[in-house]
Amino acid sequence: MAATQTEALYERIYALVREIPPGRVATYGQIARIVGCTARVSGYAMAAVPGGSDVPWHRVINSQGKISPRKGGGGEARQKRLLREEGLRFDRQGRVKLADVQWDGPGWAWLAQNGYEPDMF
DNA sequence: TTGTTGACTCTGA
DNA sequence: CTCAGAGCCAACA
C-alpha cells in the first residue's frame with residue numbers, strides 16, 4: 001500500500017493509465033488533470049514505470065500528439081512501434097491525430113469506484 | 001535546505 | 001511549421 005502521498009499519487013497515475021484501451025492514447029496533461037498533479041509529474045511517473053510492468057506507458061504521449069524525447073535517447077522508437085502495432089498512424093512530423101485517437105477518459109463509473117469525487121470536475 | 005533536472009504545457013513570435 | 005520563455009512540482013545531489 002501507499003505509505004506516502006506521492007506513492008499514492010503514482011499509484012493513481014498507474015491505475016488510470018491501465019484503463020487506456022489499445023489503439024487509444026492519452027496526454028500527460030490529461031492524466032495530470034484527472035489525478036490532480038502537473039503534466040511534468042505525470043511524465044516523471046511514466047519515466048519511473050519499472051520494466052515488465054502491466055502499465056501501458058506507451059499509450060501516453062504529449063499534447064502535440066508526438067512521442068516525447070527522453071534524456072537517454074532510446075525508447076521513442078520502441079514506443080512508436082508499439083503504437084503502430086495497435087493501429088495508430090503517424091504523419092510526416094511523427095504525430096498522431098489526437099482528434100481521432102485520443103482516449104475519452106475513464107468514465108464516471110470507474111472514477112467513482114476509485115475514490116474520485118464528482119465535484120473534482 | 002537549496003539548487004538542478006525532467007517521457008510537460010501554454011503562450012507568443 | 002519551429003523555437004524560446006515561463007510556470008509547474010517531485011526526485012535527487
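Proteins come first, then strands; the chains are lettered A, B, ... in the order of their sequence lines, and each starts at number 1.
- In this structure, of C:dC1, C:dA11, B:dT5, it is B:dT5 that holds the atom nearest to the side chain of A:K71.
- Of the possible polar contacts, none joining the A:Y116 side chain to the A:W110 backbone as a donor-acceptor pair under 3.5 Å is found.
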### Query
How far apart are the C-alpha atoms of A:N114 and A:L16, what are their side-chain angles, what is the distance that settles it, and do they pass the side-chain contact (heavy atoms from CB on, under 4.5 Å) test?
CA-CA 10 Å; A:N114 285 270; A:L16 186 60; over 6 Å; no
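- Closest to the A:M46 side chain, of the nucleotides C:dC9, C:dA11, B:dA7, is B:dA7.
- Nearest to the side-chain atoms of A:A39 among the listed nucleotides C:dA11, B:dT9, C:dC9 stands B:dT9.
- A:R92 comes within contact range of no nucleotide atom at all, as no heavy-atom separation falls under 4.0 Å.
- Regarding contacts with the backbone of B:dC10, a side-chain N or O of A:S63 is found under 4.0 angstrom from either OP1 or OP2.
- Using a 4.0 Å heavy-atom criterion, one finds that A:Q64 contacts no nucleic acid atom at all.
- Taking atom CD on A:Q30 and atom P on B:dT9, their separation rounds to 10 Å, with Å as the unit.
- Exactly one of A:Q79, A:E19, A:E86, A:R18 qualifies for a side-chain contact (heavy atoms from CB on, under 4.5 Å) with A:R59. That residue is A:E86.
- As judged by a 4.0 angstrom heavy-atom cut-off over every strand, A:T27 is placed among residues touching the sugar-phosphate backbone only.
- Between the OH atom of A:Y28 and the C1' atom of B:dC10 there is a distance of 17 Å, rounded to whole Å.
- Here the P atom of nucleotide C:dC9 and the CZ atom of A:R33 are 16 Å apart, to the nearest Å.
- No donor-acceptor contact under 3.5 angstrom links the side chains of A:Q93 and A:Q64, judged on distance only.
- For A:T38, the listed nucleotide lying nearest its side chain is C:dC8; candidates were C:dC8, B:dA7, C:dA10.
- A:Y44 places its OH atom 7 Å from the C1' atom of C:dC12, with the value rounded to the nearest Å.
- Computed from coordinates, the A:K80 NZ to B:dA7 P distance equals 19 Å when rounded to whole Å.
- Rounded to an integer number of Å, the gap from A:D91 CG to C:dC1 C1' is 11 Å.
- Residues A:I67 and A:L83 have side chains in contact (heavy-atom distance under 4.5 Å, counting atoms from C-beta outward).
- Between the C1' atom of B:dT9 and the CD1 atom of A:I34 lies a distance of 16 Å, rounded to the nearest Å.
- For A:N62 and B:dG6, the CG to P distance is 17 Å, given to the nearest whole Å.
- The side chain of A:R95 places an N or O atom within less than 4.0 Å of a non-bridging phosphate oxygen (OP1 or OP2) of C:dC1.
- For A:Y10, the listed nucleotide lying nearest its side chain is C:dA11; candidates were B:dA7, C:dA11, C:dC9.
- For A:S68, taking side-chain heavy atoms from C-beta onward, the closest of the listed nucleotides C:dT2, C:dA11, B:dA7 is B:dA7.
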